[in-house]
Each structure stands twice: as C-alpha cells, then as structure tokens.
Amino acid sequence: MTVGCGQRDGRTSREMYDDYKVDIRSLGDSTDIGGLLSLSQEIHALSLQEGNDTIAAHTANEICWLYKKIDMPSKVAFARIGEIRALYLLHRWDEALGAARDYDATLYDKDADYRYYINSYTAHILEMAEDSFGSNAQEIIRLMTEIDCDNPDKLRPDDRATLAKYLFYVDDMENAFNQINRA
C-alpha cells in the first residue's frame, strides 16, 4: 500500500488501520509525515462514519502525534478533541478525563470554540464518571457556566438540562429554573 488519500477500495476502517500500522512500522524514520497524516485523517473520518469508536480513538491519537512531529500545536490541540470524544464514546472515563484536562492552555485562553469543546467534554465525562450522584456537581456547574458566559448560544438544550440538574442538586433553584426555561 502506498501512503496517501483515496485508498479506501471498499475496505473498512479496521482493515485500513491494520495496513496503516504495518506500513508505519516498516517505514521507520523515513516516514512521509504528510502522507501519513492524510491517511490517518481519512481512516479517522471513515471510522466515525462507521461508528467504530476504537479506530476513531487510535487514529485521533495518531493524528495528534503526527501534528506534534511537524510542530503544529494548534492542530494537535484540536486533534486531541477527537481523541477525547472517541475515548468518551468508548466509556474510558479516566483516559478521556485525563486527555480533556491535558489541554493547550494558550489556545484555551484564545479560542472560544476550543474552550467550549474542552469544557463540555470535561463536564460530560465528570457526569458519567461520578462515584455517586452529585460528587462532581460544583465542577460541572462551573464548566457549564463558563460555556454559557463565553457564548450563550453554545449550550444545547441537553447541556442546559444537565446544568439545571446539578443546580437543583446544590439547591440553587432559581438558576436551575432559569436554565430549564432557556432550554
């Protein structure tokens, strides 16, 4: 297989990924980063289309590594969001939370979209990883409130419902009802 785009030929993302990993090992240090990046992105897109969360997580990790190799930190940061999403979908809460908390602070401060993805994934992961209901309430409220202050149109109705649920839990009824009304 030659590294590059348009190599699907009816194969699944799993088959493409398996070939990709064999090729990477055989290429050594003389790797064509641009070609590998392009192929990684193609396999990642196909894995998302197929709903193969495992391959999506692995290829997102490969994309992050390739962007690091060519020194593109903002691309690494956004590729990391794909990895966080895939780990979340695989119910690998600890890894997803670790990846979400290992964000690019400079980009976080500058880019509202990046901040939204980091905060929303962190909040949803915390919700799923709770050892008892409400154990992460304060942090979830803080993250969702930051999103709402940053850009009120970003919170979806289900995000507002989550925020309202935790506001009820901490006995902040007025703000909880406000979130319900806004949903």
Side-chain angles (χ1 to χ4, degrees), residues 1-129 143 146-147 150-151 153-156 158-159:
M1 175 175 86
T2 305
V3 177
C5 292
Q7 300 179 18
R8 207 170 282 167
D9 299 330
R11 295 181 299 154
T12 66
S13 61
R14 165 61 77 188
E15 293 166 332
M16 289 177 68
Y17 185 74
D18 290 343
D19 288 346
Y20 167 84
K21 291 304 282 184
V22 168
D23 284 350
I24 285 178
R25 287 185 197 110
S26 68
L27 291 173
D29 288 339
S30 63
T31 311
D32 171 16
I33 299 294
L36 288 175
L37 183 58
S38 177
L39 185 56
S40 296
Q41 291 167 331
E42 182 180 349
I43 296 169
H44 183 73
L46 180 60
S47 66
L48 291 175
Q49 183 181 30
E50 292 173 351
N52 189 333
D53 298 328
T54 302
I55 297 299
H58 288 298
T59 54
N61 184 284
E62 293 288 334
I63 291 167
C64 289
W65 177 79
L66 291 165
Y67 279 132
K68 282 180 189 174
K69 190 131 173 108
I70 57 178
D71 197 26
M72 296 183 76
S74 66
K75 294 283 191 180
V76 171
F78 274 102
R80 190 108 165 128
I81 291 170
E83 181 182 19
I84 295 165
R85 179 184 181 273
L87 290 168
Y88 174 81
L89 293 173
L90 290 168
H91 302 260
R92 292 165 56 181
W93 311 128
D94 291 339
E95 293 169 83
L97 189 57
R101 287 190 167 151
D102 184 25
Y103 59 83
D104 180 319
T106 303
L107 189 60
Y108 183 87
D109 291 340
K110 290 181 188 176
D111 191 307
D113 287 335
Y114 182 71
R115 200 166 36 254
Y116 164 76
Y117 286 117
I118 293 298
N119 286 352
S120 65
Y121 275 119
T122 303
H124 289 293
I125 293 164
L126 285 169
E127 181 179 19
M128 299 309 290
L143 291 164
E146 282 180 18
I147 294 170
D150 211 16
N151 188 346
D153 297 332
K154 282 281 191 185
L155 282 182
R156 301 177 316 237
D158 58 320
D159 293 329

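As a basis for the values below, the full set of heavy atoms in this structure was taken, side chains included, without hydrogen atoms, waters or symmetry mates.
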Among Ile81, Leu89, Leu87, exactly one meets side chain to side chain contact (heavy atoms under 4.5 Å, CB included) together with Arg85. Which residue is that?
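Going through the options one by one, the only one that passes is Leu89.
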
Strictly distance-based, threshold 3.5 Å: is any side-chain N or O of [X] a donor or acceptor partner for the main-chain N or O of [Y]?
| X | Y | answer |
| --- | --- | --- |
| Tyr116 | Asn151 | no |
| Glu50 | Ser13 | yes |
| Thr122 | Asn119 | no |

Nearest-0.5 Å distance, OG1 of residue Thr59 to NZ of residue Lys21:
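Those atoms lie 10.5 Å apart.
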
First locate atom CG of Leu39, then atom CD1 of Ile63, and finally report the distance between them rounded to the nearest 0.5 Å.
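Nearest 0.5 Å value for the CG-CD1 distance: 10.0 Å.
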
Check side chain to side chain contact (heavy atoms under 4.5 Å, CB included) between Ala129 and all other residues, then give those that pass, not counting sequence neighbours.
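By the side chain to side chain contact (heavy atoms under 4.5 Å, CB included) rule, Ala129 matches Trp93.
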
Report yes if some heavy atom in the side chain of [X] is under 4.5 Å from a heavy atom in the side chain of [Y]; otherwise report no.
| X | Y | value |
| --- | --- | --- |
| Tyr114 | Tyr103 | yes |
| Ile84 | Ile118 | yes |
| Asn52 | Thr12 | no |
| Asp159 | Arg156 | yes |
| Glu62 | His44 | no |
| Ile43 | Ile55 | yes |

Measure across [X] and [Y] and return the closest heavy-atom pair with its distance rounded to 0.1 Å.
| X | Y | result |
| --- | --- | --- |
| Ala100 | Ile125 | CB-CD1, 4.4 Å |
| Ala56 | Ser47 | CA-OG, 3.3 Å |
| Leu90 | Ala57 | CD1-CB, 3.9 Å |
| Ile147 | Ser120 | CD1-N, 3.6 Å |
| Ala79 | Ala60 | O-CB, 4.2 Å |

Step through the shown structure and confirm whether more than 12 heavy atoms of other residues, nucleotides or ligands are within 6.0 Å of NZ on Lys154.
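Yes, NZ of Lys154 has more than 12 neighbouring heavy atoms, counting only those of other groups under 6.0 Å.
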
CG (Asp109) with more than 12 external heavy atoms under 6.0 Å:
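Yes.
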
Between Arg115 and Asp111, is there a side-chain N and carboxylate O pair less than 4.0 Å apart?
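Looking at Asp111 together with Arg115, the answer is no, because their closest N to O distance does not fall below 4.0 Å.
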
Ion pair check, Asp102 and Arg80, cut-off under 4.0 Å:
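Yes.
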
Look at the rings of His58 and Tyr17 and say which category their plane angle falls in: under 30° parallel, 30 to 60° tilted, over 60° perpendicular.
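If you compare the ring of His58 with that of Tyr17, the planes turn out parallel.
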
